[in-house]
Amino acid sequence: MPNRKRAHRKGFILMEVVVAITLLALILTPLAAMVFKMTARSHTIIGGAYRNGVLMEQVNLLESLPYDSLTVGTTTTTVTTKPYLYTQKVIVAQYYQKYMLRAKTVTLIIIPANPLYRPDTTYFMRSSAATLTAFVNDNQ
């Protein structure tokens, strides 16, 4: 029966399927780890961008307020508006007051609700020199 040809097999054997799945797993595992790290890094960058935006907005607001509107003490505000939930703490302290010159230090702390995002703190000083008022007397 040497003339008898072997019939072509149709399909896979189980061992070929196991080897293929193992090779696929070896290739996809580092790829999945890389995608996970990229996603985590992306969330960190997005959180930093939101935090910086909130920080800049609040610093601009506090710098634009009249000096006498900054009351000495601590104010804590929780913002629950999506996409960036955070707690804001503003600490205003009297720095010095000598003659007509007064100054207050302002500490602004932004604490994100999401633990993936880092909190941030900024300090600045507000000063107000009392202006001399010239009295004009029209009766002279």
Side-chain angles (χ1 to χ4, degrees):
M1 303 235 185
N3 291 341
R4 190 170 153 195
K5 291 186 178 180
R6 269 187 149 176
H8 292 291
R9 60 185 180 129
K10 296 177 183 179
F12 300 100
I13 61 172
L14 182 61
M15 189 54 127
E16 289 175 334
V17 173
V18 169
V19 168
I21 290 175
T22 304
L23 288 174
L24 186 64
L26 288 174
I27 292 170
L28 290 181
T29 301
L31 213 58
M34 183 181 70
V35 168
F36 178 77
K37 282 184 181 180
M38 286 175 53
T39 303
R41 207 171 280 157
S42 171
H43 283 293
T44 303
I45 290 170
I46 289 170
Y50 279 125
R51 185 191 66 233
N52 289 342
V54 167
L55 200 61
M56 287 175 50
E57 175 187 23
Q58 294 305 314
V59 166
N60 288 338
L61 175 70
L62 291 168
E63 285 185 343
S64 67
L65 287 174
Y67 177 81
D68 294 329
S69 295
L70 290 173
T71 56
V72 174
T74 301
T75 307
T76 303
T77 308
T78 301
V79 177
T80 57
T81 309
K82 289 188 177 184
Y84 190 72
L85 293 79
Y86 63 95
T87 301
Q88 166 186 309
K89 187 183 286 190
V90 179
I91 304 167
V92 179
Q94 190 71 40
Y95 184 65
Y96 65 85
Q97 184 169 354
K98 191 172 185 180
Y99 305 114
M100 302 296 263
L101 186 61
R102 300 173 293 166
K104 295 177 183 175
T105 58
V106 180
T107 304
L108 174 63
I109 305 168
I110 303 293
I111 306 164
N114 188 337
L116 289 175
Y117 306 150
R118 291 183 315 123
D120 204 357
T121 304
T122 187
Y123 309 92
F124 59 94
M125 187 178 296
R126 288 286 311 271
S127 62
S128 171
T131 56
L132 297 175
T133 308
F135 293 103
V136 178
N137 190 349
D138 291 334
N139 296 332
Q140 290 181 2

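No hydrogens, no waters, no symmetry mates; every other heavy atom, side chains included, goes into these values.
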message: Could you go through Tyr96 and Leu101, starting from their C-alpha distance and side-chain angles, then the distance that decides it, and tell me whether this counts as side-chain contact (heavy atoms from CB on, under 4.5 Å)?
response: CA-CA 8 Å; Tyr96 65 85; Leu101 186 61; 3.4 Å; yes
Do [X] and [Y] come within less than 4.5 Å of each other through their side chains, counting heavy atoms only?
| X | Y | value |
| --- | --- | --- |
| Leu108 | Gln88 | yes |
| Ile111 | Ile109 | yes |
| Phe124 | Thr105 | no |
| Thr76 | Thr87 | yes |

Between the side chain of [X] and the main-chain N/O of [Y], is any donor-acceptor distance below 3.5 Å?
| X | Y | value |
| --- | --- | --- |
| Thr39 | Val35 | yes |
| Ser64 | Leu61 | yes |
| Ser69 | Leu65 | no |
| Arg126 | Val106 | no |
| Glu63 | Asn60 | no |
| Gln94 | Ala103 | yes |

Distance check, rounded to the nearest 0.5 Å: [X] atom [atom1] versus [Y] atom [atom2]?
| X | Y | atom1 | atom2 | result |
| --- | --- | --- | --- | --- |
| His43 | Leu116 | NE2 | CG | 7.5 Å |
| Lys89 | Thr75 | NZ | OG1 | 11.0 Å |
| Tyr117 | Thr44 | OH | OG1 | 8.0 Å |
| Asn52 | Thr122 | CG | OG1 | 10.5 Å |
| Ile21 | Leu28 | CD1 | CG | 11.5 Å |
| Arg102 | Tyr67 | CZ | OH | 5.5 Å |

task: Dump the intermediate steps for side-chain contact (heavy atoms from CB on, under 4.5 Å) on Leu85 and Val79, then the final yes or no.
output: CA-CA 6 Å; Leu85 293 79; Val79 177; over 6 Å; no
- request: Of all the heavy-atom pairs spanning Val92 and Thr71, show the shortest one and how long it is.
  value: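 So the minimum-distance heavy-atom pair works out to CB-O, 3.4 Å.
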Worked verdict on Glu16 versus Val19 for side-chain contact (heavy atoms from CB on, under 4.5 Å): CA-CA 5 Å; Glu16 289 175 334; Val19 168; 5.8 Å; no
message: Around atom CE of Met125, are there more than 12 heavy atoms from other residues, nucleotides or ligands closer than 6.0 Å?
response: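 Result for CE/Met125: enclosed.
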task: Flag yes if more than 12 heavy atoms outside Tyr84 fall under 6.0 Å of its OH atom; otherwise flag no.
output: yes
Val90-Leu70 co-clustered via ILVMFWY side chain contacts under 4.5 Å: yes
